[in-house]
> 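Quick one: the structure is below, questions incoming.
By convention in this document, chain letters (A, B, ...) are assigned in the order of the sequence lines, proteins followed by strands, and residues within each chain are numbered from 1.
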2 protein chains.
Amino acid sequence: MATMHDVARLARVSVSTVSYVLTGTRPISDATRARVLEAMATLDYQPNAMARGLATRRSRIVGLLMPMSERGFGATETAFVTGAAAAASDAGYHLVLSPIGAGDLDDLRRLASQRMVDGVALMEVQVDDGRVTALQELGVPLVLIGRTSDTTDMSYVDIDFDQTVREAVDHLVGLGHQKIVYVNHSAATIAAGYGPALRTRDSFVAAMAGYGLEPVMIPADDSAAGGRAALAEALGKAPDLTAVLAMNENAIFGILAELSVRGRRVPHDVSVVSMVTSPAVAELAHPALTAMTSPGAALGRLAVEALLRQLDGTGAQHQQLLPCALEVRGSTCPVARPKNELTGTGLPGG
Amino acid sequence: MATMHDVARLARVSVSTVSYVLTGTRPISDATRARVLEAMATLDYQPNAMARGLATRRSRIVGLLMPMSERGFGATETAFVTGAAAAASDAGYHLVLSPIGAGDLDDLRRLASQRMVDGVALMEVQVDDGRVTALQELGVPLVLIGRTSDTTDMSYVDIDFDQTVREAVDHLVGLGHQKIVYVNHSAATIAAGYGPALRTRDSFVAAMAGYGLEPVMIPADDSAAGGRAALAEALGKAPDLTAVLAMNENAIFGILAELSVRGRRVPHDVSVVSMVTSPAVAELAHPALTAMTSPGAALGRLAVEALLRQLDGTGAQHQQLLPCALEVRGSTCPVARPKNELTGTGLPGG
DNA sequence: TCCGATTGTCGAAGCGTTTCGACTAACCGG
DNA sequence: CCGGTTAGTCGAAACGCTTCGACAATCGGA
């Protein structure tokens, strides 16, 4: 509750001197500084954030816009937020989380034009995202997590989907798998321009082509049921599949369930790799899933650090990709036999 | 960027008049109001949050303190945050999420004494929580999600664990189950004074006693492995168990895996009920889990609403409990036979 | 008809900082 | 010993809003 005035009076200096001690913008003699600091300590002084914000036109708050779907967010997104908050806190900033999605642009405009935030980080960026243009028009510094289609002059951090897919495919092919099915998000999600779904799709095609293999791809709704249906469809398209690469964290358990129902054992009959998955989720399955672990916390930290650099002018555009790390657990193993020509196209063991 | 001065000049009134139009604290003639509103519209005026905050000594920001563990948070906590953010937004407030745990009280004190937040809601409240006393000393309005041991003069919202456990037990007993094992959090978590673990434990004992049944309880580490170990222990203590009631969302998949390994089918041999679980997680299992669905979003909303009422003086202490709702899915069914004495203590079907 | 209350508006004084211009000493090289 | 820096400090003016006290005009009883 003590103000600068109180500190100044107790230290027998002017308020401006106190301010200079605090901000270091002008030289202060050691004696004076000591008196001021002592006064601050005895009064338990804390600068008032509002007053400071008004005078400097900087709130030292950055916003994190995270659309919250009804299905909540997984460990990946949580790690992201944690990393972002930690980075902000380290720099003496606060992080405001706003559950503002692509829908309510008005909310966003209000938040931004009230000058309550110095800059924002956007999560769940769509390939064509109205929030980006809205913020740019308002002149709000921003960094994306994810990418829009046109990244010119934009700062972003994102998962390196291309390398991640490549590593996953390398892992499976290295184990001898040839018939690999890729289970993506739903057709609707892809059509809506969800970047990760689009990018992994393209990368999968490219990676498979690099090995001269045919890329089989199936969309799946974001649910266990969607996973089951997708696997059924996959077995129709490629009855002799030996590996599944799943992008869809929500469908993965359905995939496993359907495999189990159909008598295909994991990993002996079918190897499964889950993409962009947190260890916690991977451990829930039995056997635990070999997965590409997303660099959630690191992404969050990088995003906020880039934003802060942009704010204080020590850095402009920042574009960075981070791959997911392959963590081999129990759901992948070498393919049963290289000579699986024996079974032709039929089911193994009828 | 337009300020009140600009609006006032354009509308040919004084700044105070503009302010009154905005806040409604004094009567304004319709003609004047119209002129002012029009000026605001043409200038695209937005009040500056900092200036307003400085003048009113209210930031219109409420904090949500959510300790973020490395294991991230589940759909329940996410729903909670969403509900809280929505409630804040509806009332024209912003929600600052701070990942401040029971550890860093200094961070907390700084946040609070900078007067950046008008009040705070605390998640993951421990039975004995230093944050509570710290905030009370600073005179910061606060509401808990969860409860400390002494709730005198405290506002809180929490899950009605007693009723939730009772309903779960009722459901199982109604299906004919008598040998019910309760899988709780780990011994360490219980010892640390984690409220939900303590309260459900007591409620389980009471509920079982109400039916004249013996309450068997097993602690489990928060992991799949913990669940497997717990189930093994449970089968040792009660080989003839027919139902498991699990409080531990992280252990549940381990429990299911171990049941499967031991040849006990769910739900035919063993019924399973998961407590305080979100539908999304319940659907991941196969069969989908009968669960007590936590009222996450509602809790968040109630907490923030109570806090805001406290802030504008239209409400003081607020204490409220909400039960989880029983959602019957595929993991529970009537007990195999009332005459299960046939099988003695051995495994059914050898 | 006069008085008290009400309505509508204004000017000015804060709110707690930062920052600019100015001023005093002390200091340095010539 | 003098003009020009430089270090150290102060007072005052912002920053953009709210709110208090004042005042004129209108109104409704007695």
> Tell me which nucleotide among C/dG16, D/dT19, D/dC10 gets nearest to the side chain of A/Ala55.
C/dG16

> Pick base, sugar-phosphate or nothing for B/Leu54, based on heavy-atom distances below 4.0 Å to the nucleic acid.
base

> Just checking, any donor-acceptor pair under 3.5 angstrom between side chains of A/Thr32 and A/Ser29?
yes

> Would you please confirm or rule out a distance under 4.0 Å between OP1 or OP2 of C/dC10 and any side-chain N or O of B/Thr17?
yes

> Please report, rounded to the nearest Å, how far the P atom of C/dG11 is from the CZ atom of B/Arg12.
12 Å

> With the side chain of B/Thr25 defined as its heavy atoms from C-beta on, choose the nearest nucleotide among D/dT19, D/dC10, C/dG16.
D/dT19

> Using a cut-off of less than 4.0 Å, is there contact between a side-chain N or O of B/Arg26 and OP1 or OP2 of C/dT7?
no

> D/dG11 base to A/Ser16 side chain: any donor-acceptor pair below 3.5 Å?
yes

> Take atom CG of B/Asn48 and atom P of C/dT17, then tell me their distance rounded to the nearest Å.
17 Å

> At under 4.0 Å between heavy atoms, what does A/Gln46 touch on the DNA or RNA strands: base, sugar-phosphate, or nothing?
sugar-phosphate

> Categorize B/Val18 for me: base, sugar-phosphate, or nothing, with a 4.0 angstrom heavy-atom threshold over every strand shown.
nothing

> Check the distance between C/dC15's P and B/Arg60's CZ and give it to me in whole angstrom.
21 Å

> Taking all non-hydrogen atoms of both residues into account, name the closest pair between B/Tyr45 and B/Thr3 and its distance.
CE1-C, 3.6 Å

> Does the side chain of A/Tyr45 get closer than 4.0 angstrom to OP1 or OP2 of C/dT17 through an N or O atom?
yes

> Report yes if a side-chain nitrogen or oxygen of B/Ser14 is closer than 4.0 Å to either non-bridging phosphate oxygen (OP1 or OP2) of C/dC10; otherwise report no.
yes

> When you measure from the side chain of B/Ala51, which nucleotide among D/dG11, D/dG16, C/dC10 comes out closest?
D/dG16

> Whole angstroms only, please: what is the CE-C1' distance between B/Met40 and D/dG16?
13 Å

> Judged by each residue's nearest nucleotide on DNA chain D, which is more toward the 5′ side, A/Val15 or A/Ile28?
A/Ile28

> Does OP1 or OP2 of D/dT18 have a side-chain N or O of B/Ser19 closer than 4.0 Å?
yes

> Between D/dT18, D/dC17, D/dC15, which nucleotide has the shortest distance from any of its atoms to the side chain of A/Arg57?
D/dC15

> Just the rounded figure in Å: distance from P of C/dG11 to CZ of B/Arg9.
14 Å

> Determine whether the side chains of A/Asp118 and A/Ser59 contain a donor N or O and an acceptor N or O closer than 3.5 Å.
yes

> I'd like to know if the side chain of B/Ser19 reaches the main chain of B/Val15, judged simply by a donor and an acceptor atom lying under 3.5 Å from each other, with no hydrogens or angles considered.
no

> Let me know the distance between CD of A/Gln114 and P of D/dG16, rounded to the nearest Å.
15 Å

> Taking A/Ser155 as the fixed residue, which of A/His318, A/Gln317, A/Gln310 is the one that meets the side chain to side chain donor-acceptor pair (under 3.5 Å) rule?
A/Gln310

> Check whether any side-chain N or O of B/Ser29 sits under 4.0 Å from OP1 or OP2 of C/dT9, and answer yes or no.
yes

> Choose from D/dG11, D/dT19, C/dT17 the nucleotide whose nearest atom is closest to any side-chain atom of B/Tyr20.
D/dT19

> Within a reach of under 6.0 Å around CG of B/Asp90, are more than 12 heavy atoms found that belong to other residues, nucleotides or ligands?
yes

> CE of A/Met50 versus C1' of C/dG14: gap in Å, rounded?
17 Å

> Rounded to the nearest Å, what distance is computed from the CG atom of residue B/Leu22 to the P atom of nucleotide D/dT19?
11 Å

